[in-house]
**Q** 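Sharing a structure, written as C-alpha cells. Questions coming.
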Protein chains: 4
Amino acid sequence: MSTPHPRRGNTRQRIQDVALELFSERGYEKTSLREIAEKLEVTKAALYYHFKTKEDIVISLFQDLAKPCDELIAWAEGQPRTLETKLEVIRRYHEALRSAEPLFRFMQENQAAVRDLSIGETFKARMLTLFGLLKEDDAELTDQVRCITALFSMHAGMFAMQTLEGDPEEKRRAILEVATELVTAANPPSRRRPARPDSAQTASS
Amino acid sequence: MSTPHPRRGNTRQRIQDVALELFSERGYEKTSLREIAEKLEVTKAALYYHFKTKEDIVISLFQDLAKPCDELIAWAEGQPRTLETKLEVIRRYHEALRSAEPLFRFMQENQAAVRDLSIGETFKARMLTLFGLLKEDDAELTDQVRCITALFSMHAGMFAMQTLEGDPEEKRRAILEVATELVTAANPPSRRRPARPDSAQTASS
Amino acid sequence: MSTPHPRRGNTRQRIQDVALELFSERGYEKTSLREIAEKLEVTKAALYYHFKTKEDIVISLFQDLAKPCDELIAWAEGQPRTLETKLEVIRRYHEALRSAEPLFRFMQENQAAVRDLSIGETFKARMLTLFGLLKEDDAELTDQVRCITALFSMHAGMFAMQTLEGDPEEKRRAILEVATELVTAANPPSRRRPARPDSAQTASS
Amino acid sequence: MSTPHPRRGNTRQRIQDVALELFSERGYEKTSLREIAEKLEVTKAALYYHFKTKEDIVISLFQDLAKPCDELIAWAEGQPRTLETKLEVIRRYHEALRSAEPLFRFMQENQAAVRDLSIGETFKARMLTLFGLLKEDDAELTDQVRCITALFSMHAGMFAMQTLEGDPEEKRRAILEVATELVTAANPPSRRRPARPDSAQTASS
DNA sequence: AATGAATGAGGGTTCATTCAT
DNA sequence: AATGAATGAACCCTCATTCAT
C-alpha cells in the first residue's frame, strides 16, 4: 500500500499546482490539459473529475489569490482614508503578491487570454477597487497615474526580479519603496504641493 | 472590374492591419488565421502568399515598431549621458509608443505568447538597452526600480488609458509626467540625496 | 448497444489492418488519415488516440514484420556459414514474406516515401545483414550481385505474382527455386560447384 | 545582355532536369512544384507555362526514356527469337538504363505514386513486352521467373550500386553478367543448355 | 477516484492550379 | 516567356470535452 497509490486525496491540489506552474510558464492557451495530465501522470479524464472545465482550474487558482485581496480590501474599507492606511495597503498588497507571485505573473503575462475568461472582469474590478482605495476622490490625473503606476510596478516587479541583479529580498524592498513613494507623492498631506513627493515650493504646479 | 477585390496591391498591408487589430484585441493565440482571412475576405492561403507563417506576421509587425525604437537608441547612444538626455529619451519613447500603441498593447498583454515567438528575446533585449540608457551605471537598486517602473508605466499606460476618465491627450501627458519624475528621481544631479525624488531646487530644471 | 460500434477493444488492430491495406494499395503519401478513418467509421482524432503520428502507424506495422526477420537473422547467426544454412535462410525468408506480403509490397513500392521515415535506415540495415549472411566474405562482385538479386527477386515476386498466370503456390515455388539457384551459384563450395550454372572453365574468367 | 536573362530557351529542359533530380531524390509526392521552381529561381507559374500539370512533367520525362525502349522493342521484334537476340536485348537494355538511370530509380522507388499516373500502365506494358521478348512462348513458370528477375535485377541494380563496393563500371558489368546468366538459363536451346544450372535430362520435359 | 476510448471543431500549413497582366 | 496574387481542397495534428465503465 505504499507505491501503488501514494497520493490520496491531494490530487485536486496537485492539479492546481501543476496547472499554475505551466500556465505561468508557458501561457494559458499554450498549456494543454494533456500536458498537465502527463506531468501528473494521470489521465486527462482525471482532471475532469476534479474540475468541470479548463477555465474552472483557472478560476479555482484565482480564488486562492482573491481571498487575501478581498481581505485587504475589506480591511482597508474599515480604515480612515489616510496616507497611513494607503501605505499599509501597499505594504500588505506587496506581501500578498509574494505568496501569489506565480499567479500574478500568469495574470500579468496572459492578460489577453484572461480577458475573456470570466474572471477577467473580476480581476479588473479588484484592481479598480484597490486603485480607488489609493487615490483621493478628486485627485488630479497625474496623481491617479501615480497610483496606478504604484500598483503596476509591483506586478511588473516580476520582470524586474528577473532582470535586476541582487538579493531577491532587497529587490522586493526596493520595489516596495518605489511604490510607497509614488503613493505618497499622489497624496499630498493637505494643502501644500498637490502632487509632488515632498519637495516644497518648486514642484510641478 | 469593381466588385470582387480588384487585386489591389495593398493586401500585405491590410493583413498587417487586421492582424494587429485582432491580435491586440483577442490575443495572439486566440486569433486564428481563418479569422484574419475572413475579415479581409480572402482565403487563408492568401495570407500564406504574403507571410510564411503566423509568427512571420507578428515579426513583420514588430519590425515596424523596432525602427523607431532603434533610432531612439542610436540617437541616445550618441548623446552625453546626462539627465537631459534621459528625459528626452523618455519623451521620445513616449512619442514612439503613440504610433505603436496597438502593437505595444499586444506585446504587453501577450507576453506569455510572445515569449517563445523568437522576437521575445529581441523585445526584451531592447527593453534592457533602454533601461541601461536611463539608469546610472552604479545606480542603487531603488533607482534601478525607478527606471524600470518609468518604462513600464508608459506601457501600462494602456491600462490607465482605458481606466481613467478624461481627455486622452491629458492622460498621455500625465503618464509622461510621472515617468519623467521617476527617471529624474533616479538620477540625482550631483551630491544631494543620491537617489531620492524630492531634491527641490534642481528637479524642475 | 449494438449498432454504434460498441467500443470494441480491437480498434488499434483494425487501424493497422486498414492502414496497411491502403498504404500498400494507394501509396503512403496518397493515403490520408481521413481515408483510413472513414473506412473504419471513426474520426481522425480516434487514430491519434492510438498512434502518435501517421509515421507511427507505419512503424508499428514495420515492427510486426521486423520480428520474423530478426528471428531469422538471429537463427542464422547461430549456424555454420554453409551453403545449407544459406539455402535455409532463403527458404525461411521466403516463408516470412508470405505473411508479411502486403507490408513488403508497401515497402517495395514506396521506397522513396519510406526513405525518410526513420524506419528507412532500419529496413536497409536489415537487408544488408541478410545480404551479409548470404554472401561469402571475399565473394566476387558477380556473386554478390547474385545474392542481392536473390533477395530482390523474392521481393519483386509481388510483381511477378500479379503478372504471371498460374497457381499462386506454384508461382511462389518457382520464385523460391530461382532464388535458391542464385544463392547456390554464388557459393561455389570450393572445387565442385553444386549449383553454379555449369561452366567450370568459363565462369570465373 | 549577359546576366539579366542568361538562360533563354532552355527553361523547359531545365525544369525537366531539376524535376527528375528532385523526384528521384525525394519522391514524386514529396516534391512540390514550389521546390522545383525555387531551385530554378523561377515562379511556380512559370512551370505552368511549360507544362500543363505536375503529371505532365513526369510524362515528358518518361517519354525521353520511352524512346530508347521502344526502339529496342522495335529492333527486337524484327529479329529471330534466338537466345542470341535475347542476350542482345539484355545488353541493350542494360545500356539504355545507364542513360536513364535517375528516371529508373524514380520509377523503381515511386511505383505506388506512378501507378495512378497514367504512365503507370504504359510503363507496365512495356515491361511486359520486354518480358515477352525474353521468354519462350511456352516457358515453364521457373523460366518465366528467371526472365522477370533478369529485368528486375537490372533495375534493382540501383540498390546494388549504392550498396556494393567497387568500381561502378565493374559493378555494372557484374549486374549484366547475372542478368545474362538468368536469361540464358531460361532459354535452353533444345539439347545443349549453355547456362541451365543443372538438369540436362529433366529440363526439356 | 480515475481510466480508456472516442469525438467535433478547429488549428496552422501546404498543395496544385488559375489567370490577368 | 514569365510573374504576382490568389484560391479551394486537403493535409496532419491538437484541443477541450464526454461518457461508459
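All figures in this text were calculated on a predicted structure; none of them were measured in a lab. A note on names: the letters A, B, ... follow the listed sequences, proteins ahead of strands, and every chain is numbered from 1. Scope of the values below: all heavy atoms of this structure, side chains included, with no hydrogens, waters or symmetry mates.
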**Q** Is the shortest distance from a Lys or Arg side-chain nitrogen in E35(B) or R26(B) to a carboxylate oxygen in the other one below 4.0 Å?
**A**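 A salt bridge links E35(B) with R26(B).
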
**Q** Report yes if a side-chain nitrogen or oxygen of S32(D) is closer than 4.0 Å to either non-bridging phosphate oxygen (OP1 or OP2) of dC15(E); otherwise report no.
**A**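 Yes.
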
**Q** Among the nucleotides dC19(F), dC13(F), dG8(E), which one has an atom lying closest to any side-chain atom of A45(A)?
**A**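 Taking heavy atoms from C-beta onward, the closest nucleotide is dC19(F).
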
**Q** Considering heavy-atom distances to DNA chain F, does L33(C) or E35(A) have its closest nucleotide positioned more toward the 5' end?
**A**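 Residue closer to the 5' terminus by nearest nucleotide: L33(C).
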
**Q** Mapping L47(B) and K54(A) onto DNA chain F by nearest heavy atom, which one lands closer to the 5' end?
**A**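 Taking each residue's closest nucleotide, the earlier one in sequence belongs to L47(B).
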
**Q** Please confirm whether the backbone N or O of E109(B) pairs with a side-chain atom of R115(A), one donor and one acceptor, at under 3.5 Å?
**A**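 Answer holds: no.
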
**Q** Would you say the rings of F62(B) and F106(B) are close, in the sense that their centroids are separated by under 6.0 Å?
**A**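 Ring centroids of F106(B) and F62(B) are no less than 6.0 Å from each other.
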
**Q** Stem finding on DNA chain F, please: runs of three or more consecutive Watson-Crick or G-U wobble pairs, both distances under 3.5 Å, sorted by first number.
**A**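 Stems for DNA chain F, defined as runs of 3 or more consecutive pairs: E:2-21 with F:2-21.
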
**Q** Would you check if there is a donor-acceptor pair between the side chains of S118(A) and E55(A) at a distance under 3.5 Å?
**A**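 On atom types as modelled, these side chains qualify, holding a pair under 3.5 Å.
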
**Q** For a quick test of reading the model: is some side-chain N or O of Y49(A) closer than 4.0 Å to OP1 or OP2 of dA2(E)?
**A**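 Answer no for this pair, as no side-chain N or O of Y49(A) is under 4.0 Å from OP1 or OP2.
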
**Q** For Y28(D), what residues pass the ring pair (Phe, Tyr, Trp, His ring centres under 6.0 Å) criterion, not counting sequence neighbours?
**A**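 Here the qualifying residues are F23(D).
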
**Q** Under 4.0 Å: is that the gap between some side-chain N or O of H50(D) and OP1 or OP2 of dA2(F)?
**A**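 Yes, because at least one side-chain N or O of H50(D) sits under 4.0 Å from OP1 or OP2 of dA2(F).
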
